[in-house]
Amino acid sequence: MKKFLKFLLGFIFTIIIVSAAAIYFLYPKMDEAAINNIFKGQDKINILLIGKESPVTLDTPDPNAPAHSDTLMLATINKATNKMQVVSIPRDTYFEYLPGSKKRHQKINAAFFINGAEGTIAAIEKFLDTKIDKYIVVDYNTVIQTIDAVGGMDIDWEYDDYYYTDEWVNPPLVIDLKHGPNHLDGQAALNYLRTRKIYKNQDIDRIKAQQNFMAELFQKVKNPKNVVLIPKFLKIIAENTQTNMTRNEILALGFYGVKNIKKDEINFKTLPGDEYKPGKISFYKIDQDVARKVFSEDYEK
């Protein structure tokens, strides 16, 4: 099976985090009307965060070739309560048919390959019976450049020393983690967030690691000392994202997030499911009714 460069997940939210830090310090008195315009009279909005793979491998040198999504997170921001819910949708989630495709038995990550963000949105809206207001697509360069900009990140690796390589992707994947404290630059952080095989439940445990990492990054980027990095943050956003949000909308949403949403008010969830193997390929099958209940529990509050 063709392997794609694996891109971490929780990091798509980096775009909002980075924007938030910049706006909070640049525009401490941003007009409330700009924020209200984002919500358009609603208490809640849904933003789909898509992390896409790089299609570049030894036999596919074109960086603009169609790519799968590697990470999907649906963020619901509740303006009435100043809370945020982030629901992770595993990349291997089973769909009997995806919108716009006649092929049976597919994974949700193929929706982006078939019809980009629009195809992914259509699949998730139907599956969760909801409306997605905005979307942001980022690639792995966002992660690398953001981590490097803040001087790297520290993690505590609870497992034994771990070394893994994959030379099929370009550039080659090299994961080199030591038991205990590790200081990671941008590339090493990306590789850590792409780690799967060492975990007992590969996709689910990887998502947990990404969510914890993302929460710590949120705190680091909000640090007032990083105000000097604002121009670099905004440049990273401009060069590495695709979105249906305008620059002003991103700025207003960023300002609102940093000013009003605290770390403890961000509720991370992962849709529960089980392995499903109708043929040679293994999927992650999620009961639709259960998924809608998990998604709506906090959404309705």
Side-chain angles (χ1 to χ4, degrees), residues 1-14 49-58 67-73 86-94 107-110 138-144 146-148 150 152-218 220 268-277 280-286:
M1 179 186 296
K2 178 184 291 188
K3 295 182 179 180
F4 292 86
L5 177 61
K6 306 297 183 184
F7 166 57
L8 102 173
L9 204 236
F11 246 79
I12 307 170
F13 188 56
T14 297
L49 311 169
I50 304 173
K52 71 172 183 177
E53 296 176 334
S54 166
V56 178
T57 63
L58 294 180
H68 290 71
S69 62
D70 185 58
T71 295
L72 295 170
M73 300 177 100
V86 182
V87 176
S88 295
I89 305 168
R91 53 172 282 144
D92 292 341
T93 297
Y94 173 79
K107 299 180 179 181
I108 182 60
N109 68 341
V138 301
D139 62 26
Y140 68 91
N141 285 319
T142 306
V143 180
I144 295 172
T146 301
I147 297 301
D148 284 339
V150 298
M153 292 287 288
D154 295 311
I155 67 160
D156 189 46
W157 183 247
E158 63 182 271
Y159 301 91
D160 293 336
D161 292 357
Y162 180 64
Y163 187 82
Y164 173 85
T165 62
D166 182 354
E167 296 184 358
W168 178 253
V169 296
N170 186 20
L173 168 63
V174 179
I175 299 171
D176 188 5
L177 297 167
K178 307 298 182 184
H179 177 74
N182 288 254
H183 181 75
L184 308 177
D185 64 11
Q187 185 63 59
L190 174 71
N191 294 346
Y192 160 68
L193 292 163
R194 288 162 57 190
T195 301
R196 297 176 65 189
K197 295 183 180 297
I198 195 171
Y199 300 126
K200 181 178 179 180
N201 298 308
Q202 293 186 13
D203 270 346
I204 303 305
D205 288 344
R206 184 181 73 149
I207 286 174
K208 291 178 181 177
Q210 291 171 349
Q211 290 174 342
N212 291 335
F213 192 92
M214 186 170 61
E216 293 304 316
L217 178 67
F218 183 79
K220 190 164 187 176
F268 291 101
K269 296 180 176 181
T270 301
L271 296 181
D274 298 291
E275 183 180 13
Y276 176 61
K277 201 169 184 178
K280 295 182 179 181
I281 300 176
S282 180
F283 297 86
Y284 184 77
K285 191 169 186 179
I286 300 172

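Everything numeric in this text was worked out from a predicted model, so none of it was measured.
- Once rounded to the nearest 0.5 Å, the distance linking CG of L184 with CG of L190 reads 10.5 Å.
- Judged purely by atom type and a 3.5 angstrom limit, Y284 uses its side chain to pair as donor or acceptor with the backbone of G273.
- In this structure, CD1 on I147 lies 7.5 Å from CG on L193, to the nearest 0.5 angstrom.
- To the nearest 0.5 Å, the span separating CG on L72 from NZ on K52 amounts to 13.5 Å.
- By the 4.5 Å heavy-atom criterion applied to side chains, K107 and I281 are counted as neighbours.
- Put simply, the side chain of N182 gets close to the backbone of G180: a donor and an acceptor are under 3.5 Å apart.
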Checking side-chain contact (heavy atoms from CB on, under 4.5 Å) for the pair V174/Y163: CA distance, chi angles, key distance, verdict? CA-CA 7 Å; V174 179; Y163 187 82; 3.9 Å; yes

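- The side-chain heavy atoms of R194 and L173, taken from C-beta on, include a pair separated by under 4.5 Å.
- With rounding to the nearest 0.5 angstrom, the CG atom of L177 is 5.0 Å from the CD1 atom of I155.
- Surrounding CG of D154 are more than 12 heavy atoms belonging to other residues, nucleotides or ligands, all under 6.0 Å away.
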Check your understanding: Yes or no on salt bridge (charged side-chain N to carboxylate O under 4.0 Å, His left out) for R91 and E53, after CA distance, side-chain angles and deciding distance?
Key -> CA-CA 11 Å; R91 53 172 282 144; E53 296 176 334; 2.8 Å; yes

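- The salt bridge (Lys or Arg N to Asp or Glu O under 4.0 Å) test applied to K285 returns no partner, not counting sequence neighbours.
- Looking only at distances, a side-chain donor or acceptor of D161 sits under 3.5 Å from a matching main-chain atom of H179.
- The shortest distance between side-chain heavy atoms of H183 and D185 does not fall below 4.5 Å.
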(Q) Please evaluate residues L217 and M153 with respect to the criterion side-chain contact (heavy atoms from CB on, under 4.5 Å), reporting the C-alpha separation (whole Å), side-chain torsions for both, the decisive distance (0.1 Å), and the verdict. (A) CA-CA 8 Å; L217 178 67; M153 292 287 288; 4.1 Å; yes

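- The nearest pair of heavy atoms linking I286 to P90 is CD1-CD, 4.4 Å.
- The backbone N or O of V143 sits nowhere less than 3.5 Å from a side-chain atom of T146 that would complete a donor-acceptor pair.
- In this structure E167 satisfies the salt bridge (Lys or Arg N to Asp or Glu O under 4.0 Å) test with no other residue, sequence neighbours excluded.
- Crowding of D160 atom CG: a count of heavy atoms from other residues, nucleotides or ligands under 6.0 Å not exceeding 12.
- Among all heavy-atom pairs drawn from S69 and N109, the shortest one is O-CB, 3.0 Å.
- A donor atom on one side chain and an acceptor atom on the other are found under 3.5 Å apart for Q187 and N191.
- In plain terms, the two heavy atoms of G186 and D148 that are nearest each other are N-OD1, 2.7 Å.
- Considering only residues two or more places apart in sequence or on other chains, Y199 meets the side chain to side chain contact (heavy atoms under 4.5 Å, CB included) condition with W157, Y159, Y192, T195, D205, R206, A209.
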Candidate pair Y94 and K277, rule side-chain contact (heavy atoms from CB on, under 4.5 Å), full reasoning: CA-CA 10 Å; Y94 173 79; K277 201 169 184 178; over 6 Å; no

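- Note: I89 CD1 to L49 CG = 10.0 Å, rounded to the nearest 0.5 Å.
- Atom OG of residue S282 and atom CG of residue D92 lie 7.0 Å apart, to the nearest 0.5 angstrom.
- With a 4.5 Å cut-off on side-chain heavy atoms, F283 and T93 do not count as touching.
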